[in-house]
Amino acid sequence: METARSAERQRTAAESRRRELLEAADRVVLRDGPHASMNAIAAEAGITKPILYRHFGDKGGLYRALATRHTDALLSALRAALDAPADRRRRVESTLDTYLAAIEARPQVYRFLMHPSEGAADASPADATPAEQGFDVGRHSAPLLRRLGEELGQVIAERVDLGPGSEQTARIWGHGIVGMMHAAGDWWLGDRPCSRAQLVRALADLLWGRLAEAGDRQGGPGF
């Protein structure tokens, strides 16, 4: 019994320490964006880089932990927008705006997650490990986008009746909408060619066709 309690205390302490390290990493990412280095994160946390590696393995491991943290928060916000008490068109616009507002509010975090190769070699290449120097944007960011697409597809499937093959169509829509939001948002964040509200309306117009005509899924939460 005592052994089990001791193991639980150790697990709780390890989880708490991991959260503290992720919060330190967040602070560095907010400051440095894709140029955030393991050296800077270790210094911010008041530890050595080998200790940071012990918790996350390498920069890829740290990236995946941060991606999970921010993706969880974004998905929660997107679900809240989808469940808000408003008509369907308003909720579509609110969901698009929630995504764009999130990347606009924390552009350095967005660039770290989606464009990590910009800072792969760190500010001091001589101090960077081969894993940091070879950090691959596609290998790390693609799973994040796939997760968003699967989650959104599931949300659509729960709410909208798209006829025969509804679940498969919802999955296609989920990945398609995420791809659209990512590409349009990436372009907009870099160039700022229009207001966020204008972009939201234009993207909603693009989506609205069949979605406006589809009925709610019977027994589902509605959309």
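Quick note: numbers below take in every heavy atom, side chains included, and nothing from hydrogens, waters or symmetry partners. We're numbering straight along the sequence, starting at 1.
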Asker: Please determine whether the number of non-hydrogen atoms from other residues, nucleotides or ligands lying under 6.0 Å from atom CD of Glu167 exceeds 12.
Answerer: no
Asker: Any heavy-atom pair between the side chains of Asp83 and Arg159 that's under 4.5 Å?
Answerer: yes
Asker: State, with a plain yes or no, whether a side-chain heavy atom of Arg88 is found less than 4.5 Å away from one of Leu211.
Answerer: yes
Asker: Between Arg192 and Trp188, is NZ or CZ placed under 6.0 angstrom from the six-membered ring centre and within 45° of the ring axis?
Answerer: yes
Asker: How close do Ala25 and Leu62 get, heavy atom to heavy atom, and via which atoms?
Answerer: CB-CD1, 4.1 Å
Asker: To the nearest 0.5 Å, what is the distance between CD1 (Ile156) and CD1 (Ile172)?
Answerer: 11.0 Å
Asker: side-chain contact (heavy atoms from CB on, under 4.5 Å), that's the test. Do Leu203 and Val200 meet it? Break it down for me.
Answerer: CA-CA 5 Å; Leu203 293 179; Val200 165; over 6 Å; no
Asker: Is the backbone N or O of Ala86 less than 3.5 Å from a side-chain atom of Arg91, with the two atoms forming a donor-acceptor pair by type?
Answerer: yes
Asker: In sequence, state the C-alpha distance, the side-chain angles, and the governing distance for Leu96 and Met180, and then conclude on side-chain contact (heavy atoms from CB on, under 4.5 Å).
Answerer: CA-CA 10 Å; Leu96 292 167; Met180 179 192 73; 4.1 Å; yes
Asker: Backbone N or O of Asp72 within a donor-acceptor pair of the Ser76 side chain at under 3.5 Å?
Answerer: no
Asker: For the pair Glu20 and Arg17, evaluate salt bridge (charged side-chain N to carboxylate O under 4.0 Å, His left out) and give the outcome as yes or no after the intermediate values.
Answerer: CA-CA 5 Å; Glu20 291 173 1; Arg17 184 57 172 153; 3.0 Å; yes
Asker: Dump the intermediate steps for side-chain contact (heavy atoms from CB on, under 4.5 Å) on Arg147 and Glu151, then the final yes or no.
Answerer: CA-CA 6 Å; Arg147 182 188 170 199; Glu151 293 274 355; 4.0 Å; yes
Asker: Is there a side-chain contact between Leu74 and His70, using heavy atoms and a 4.5 Å cut-off?
Answerer: no
Asker: For side-chain contact (heavy atoms from CB on, under 4.5 Å), just list the numbers for Arg171 and Gln154, CA-CA rounded to whole Å, side-chain angles, deciding distance to a tenth of an Å, and then say yes or no.
Answerer: CA-CA 7 Å; Arg171 191 179 184 195; Gln154 182 178 343; over 6 Å; no
Asker: Minimum heavy-atom separation for Ala170 and Leu162, please, with both atom names.
Answerer: N-CD1, 3.9 Å
Asker: What closest approach, in Å, do Arg217 and Glu158 show between heavy atoms, and which atom pair accounts for it?
Answerer: CD-O, 3.5 Å
Asker: Got a salt bridge between Asp97 and Arg90, using NZ or NE/NH1/NH2 to carboxylate O under 4.0 Å?
Answerer: no
Asker: Let me confirm one number: the OH-CZ distance from Tyr63 to Phe56, rounded to the nearest 0.5 Å.
Answerer: 14.5 Å
Asker: Main chain of Leu30, side chain of Arg106: is a donor-acceptor contact present, judged purely on distance under 3.5 Å?
Answerer: no
Asker: To the nearest 0.5 Å, what is the distance between CZ on Arg201 and SG on Cys194?
Answerer: 9.0 Å
Asker: Drop me the distance from Glu23's CD to Arg18's CZ, to the nearest 0.5 angstrom.
Answerer: 12.5 Å
Asker: Would you say the side chain of Leu152 lies within less than 4.5 Å of the side chain of Leu82, judging by non-hydrogen atoms?
Answerer: yes
Asker: Answer yes or no: are there more than 12 heavy-atom neighbours, outside Arg79 itself, under 6.0 Å from its atom CZ?
Answerer: yes
Asker: Between Glu213 and Arg210, does any side-chain N to carboxylate O distance fall below 4.0 Å?
Answerer: no
Asker: Side chains of Asp32 and Ser37: does their closest heavy-atom pair fall under 4.5 Å?
Answerer: no
Asker: What's the separation between atom CG in Asp58 and atom CE in Met38, rounded to the nearest 0.5 Å?
Answerer: 6.5 Å
Asker: Check the angle between the aromatic planes of His182 and Tyr110 and answer parallel, tilted or perpendicular using the 30° and 60° thresholds.
Answerer: tilted
Asker: Can any side-chain N or O of Thr98 pair as donor or acceptor with the backbone N or O of Ser94 at less than 3.5 Å?
Answerer: yes
Asker: Could you check whether any side-chain heavy atom of Met114 comes within less than 4.5 Å of a side-chain heavy atom of Leu144, counting everything from C-beta outward?
Answerer: yes
Asker: Does the distance from a Lys or Arg side-chain N to an Asp or Glu carboxylate O, for Arg19 and Asp26, drop under 4.0 Å?
Answerer: no
Asker: Taking Asp191 for its side chain and Pro193 for its backbone only, find out whether a donor-acceptor pair lies under 3.5 Å.
Answerer: no
Asker: Which heavy-atom pair separates Leu199 from Ala184 by the least distance, and what is that distance?
Answerer: CD2-O, 4.3 Å
Asker: Taking the side chain as every heavy atom from C-beta outward, state whether Thr169 and Trp173 have any atom pair closer than 4.5 Å.
Answerer: yes
Asker: Do the charged groups of Glu93 and Arg89 touch, with an N to O distance under 4.0 Å?
Answerer: yes
Asker: Could you tell me if the side chain of Leu66 sits less than 4.5 Å from the side chain of Val29, heavy atoms only?
Answerer: yes
Asker: Mind checking the CZ-CD spacing from Arg111 to Gln108? Nearest 0.5 Å is all I need.
Answerer: 6.0 Å
